[in-house]
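To keep things clear, I will list the structure first and then write my remarks on it.
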Protein chains: 2
Amino acid sequence: MSEHHLATDPTLPEPAELNAIFERAEMRDLYRISYLANALVLPVYDGIKHDFGLTRGEYLLIFCLAHLPVLTAQDVARMSKRPRNTISRAVHRMLAEGFIDRALDPEDGRQARLTITDKGRALHRTVVRRWLAREAEALAVLDDAERAALDRILQKLVTHAADLPE
Amino acid sequence: MSEHHLATDPTLPEPAELNAIFERAEMRDLYRISYLANALVLPVYDGIKHDFGLTRGEYLLIFCLAHLPVLTAQDVARMSKRPRNTISRAVHRMLAEGFIDRALDPEDGRQARLTITDKGRALHRTVVRRWLAREAEALAVLDDAERAALDRILQKLVTHAADLPE
DNA sequence: GACATTTAGTTCCATTTGGAACAAAATGGA
DNA sequence: TCCATTTTGTTCCAAATGGAACTAAATGTC
C-alpha cells in the first residue's frame, strides 16, 4: 500500500470520508443547517425554475401570498429576509405572469397591497407536491419521536431567529 | 375599528403576524431549515465578504481544507454540493491570496491536490469565532436536552441528505 | 405650516452565479 | 493497441443578485 508516496502524502480522502467535516466543523449545527438548505432545498428551486420559469425570489413571493391573504412587498422582504429590490422585481414579473394582483393602497400612497390570483394558487398547489415529496425523502431517516422533536425545535429556532439582528 | 374599509379588506398583517407562515407552510421543516440558513448563515457570509473580501464559495473552500488535509476541487464540489466551476474560480483566487496551495498530482494528471496554508488557517481561526458567536445566539433559546436532540437529528439528516439524488 | 426624517418601492450597476461546452488525462473494453 | 467513455478542471456567457442611490409619500418636530 505504501511505497514512496512521500511526495504526495497524505492521501486523498475516499468519498465517504468527506462527510467527516460534519463532525469536525466547529459550528456543527449552523454548518449542517446550511448544508441541508443547499442539499435539500436548492434542487427543488432548480426544478421550479426549470419547469415553471420562476426564480427563487419569485416563487417565494407566491408562497408567501399563498399563506397570508394580503401583503406589501416590504412584508415579503421581511418574511423572507431578502433585499427589497429583489422582491420588487419579482412582483412585476409575477404580475406580468398573472400569478398575483396588485392594488395601490388608498390609505397610504407609498405601498401596494399584493394578493395571489387563482392561477397563482394553482401553481402553488402543484409546486407544494414537490416540496412535500422532497421533505418526505429527507425525513425518511427519522422516527416519529425525532420528527416531533425536530418540528418543535425548529419552530423555536425560527421564531427566535426572526428577532435576531442583521 | 371597521368603518367602510371594504375596498381594502382584509387588513394588512402586523409584523408579528408574518411569522404565521412558519406554521402554515405545507413543508414545515424544509421551509424552516431554508429560513434558518438565510437568517442565520447569510449574515455571517456578508460579514466575511465585507471584512476579508471572500465570497461564500471562497470561504467554503478554505473551510473544507481546514478540516481535511488534502482535497481536490472535485472533492470540495461534492462536499459543498456546488458546481465545479464555482470551486475552480475560488481555487484560483485563494491561490492568489496565499490562503491555499496547489500541487499537480503526479499520479493523475487531471487533478490537483489542494492544501491550506498557515495564512489560510489563521483566517479560518478568526472567522470561526464569528460562526460560533452566531450559533450561540441562535441556540440560546434551546435547553441542553434540546441542543443534544438537535445535534443528533441534524447529523442523521445530513448524512442521509448526502446520499440523496440531485 | 415648513422642514427634517422615515418608509415603500424602484432603478442602476457591478458582482456573483451556474449551466453548457470544452480540453486534457485516465479508464475500460474489443 | 485503438477507440469510446468517464472524470477533472476550465472558460464562456447569460442570468440572478444585492448594495447604493433615488423618487414619492407619510410622519414627526419645531
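All heavy atoms count here, side chains included; hydrogens, waters and symmetry mates do not.
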Using whole Å, what does the distance between atom [atom2] of nucleotide [N] and atom [atom1] of [X] come to?
X: Leu61(B); N: dT16(C); atom1: CG; atom2: C1'; answer: 16 Å
X: Asp46(A); N: dA15(D); atom1: CG; atom2: C1'; answer: 13 Å
X: Ile87(A); N: dT10(C); atom1: CD1; atom2: C1'; answer: 13 Å
X: Arg110(A); N: dA8(C); atom1: CZ; atom2: P; answer: 6 Å
X: Glu107(B); N: dT27(C); atom1: CD; atom2: C1'; answer: 16 Å
X: His50(A); N: dA15(D); atom1: NE2; atom2: C1'; answer: 16 Å
X: Leu104(A); N: dG9(C); atom1: CG; atom2: P; answer: 10 Å
X: Leu42(A); N: dT17(C); atom1: CG; atom2: P; answer: 12 Å

| Ring center gap for Trp131(B) and Phe63(B) short of 6.0 angstrom |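 Not close enough - the centres of the two rings lie 6.0 Å or further apart.
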
| field | Close aromatic pair by centroid cut-off 6.0 Å: Tyr59(A) and Phe52(A) | value | no

Taking only N and O in the side chain of [X], is any of them less than 4.0 Å away from OP1 or OP2 of [N]?
X: Thr72(A); N: dA8(C); result: no
X: Arg93(B); N: dT16(C); result: yes
X: Arg82(B); N: dG18(C); result: yes
X: Thr55(A); N: dA16(D); result: no
X: Arg78(B); N: dT8(D); result: yes

| said: Between Asn38(B) and Tyr35(B) (side chain of the first, backbone of the second, donor and acceptor by atom type, cut-off under 3.5 Å), is there such a pair? | reply: no

| field | Nearest-0.5 Å distance that lies between atom NE2 in His124(B) and atom CD1 in Ile62(B) | value | 10.0 Å

Using the side-chain heavy atoms of [X], tell me which of these nucleotides is nearest: [options].
X: Gln74(A); options: dG9(C), dA26(D), dA25(C); result: dG9(C)
X: Ala112(A); options: dT16(C), dA25(D), dG9(C); result: dG9(C)
X: Arg56(B); options: dG9(D), dT17(C), dT11(C); result: dT17(C)
X: Ala73(A); options: dG9(C), dA25(D), dA25(C); result: dG9(C)
X: Pro83(A); options: dA25(C), dG18(D), dA25(D); result: dG18(D)

Between [N] and [X], counting only base atoms on the nucleotide and side-chain atoms on the residue, is there a donor-acceptor pair under 3.5 Å?
X: Asn85(B); N: dG9(D); result: no
X: Arg102(A); N: dG9(C); result: no
X: Arg84(A); N: dG9(C); result: yes

| Opposite nucleotide pairing with dA30(C), Watson-Crick or G-U, both atom distances under 3.5 Å | dT1(D)

| request: Check the side chains of Thr72(A) and Asp75(A) for a donor-acceptor pair under 3.5 angstrom, ignoring hydrogens and angles. | output: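 A donor-acceptor contact under 3.5 Å links the two side chains.
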
| field | Residue mapping more 5' on DNA chain C - nearest nucleotide basis, Asp75(A) or Gly53(B) | value | Asp75(A)

| remark: Asn19(B) and Ala162(A) have their tightest heavy-atom pair at OD1-CB, 3.9 Å

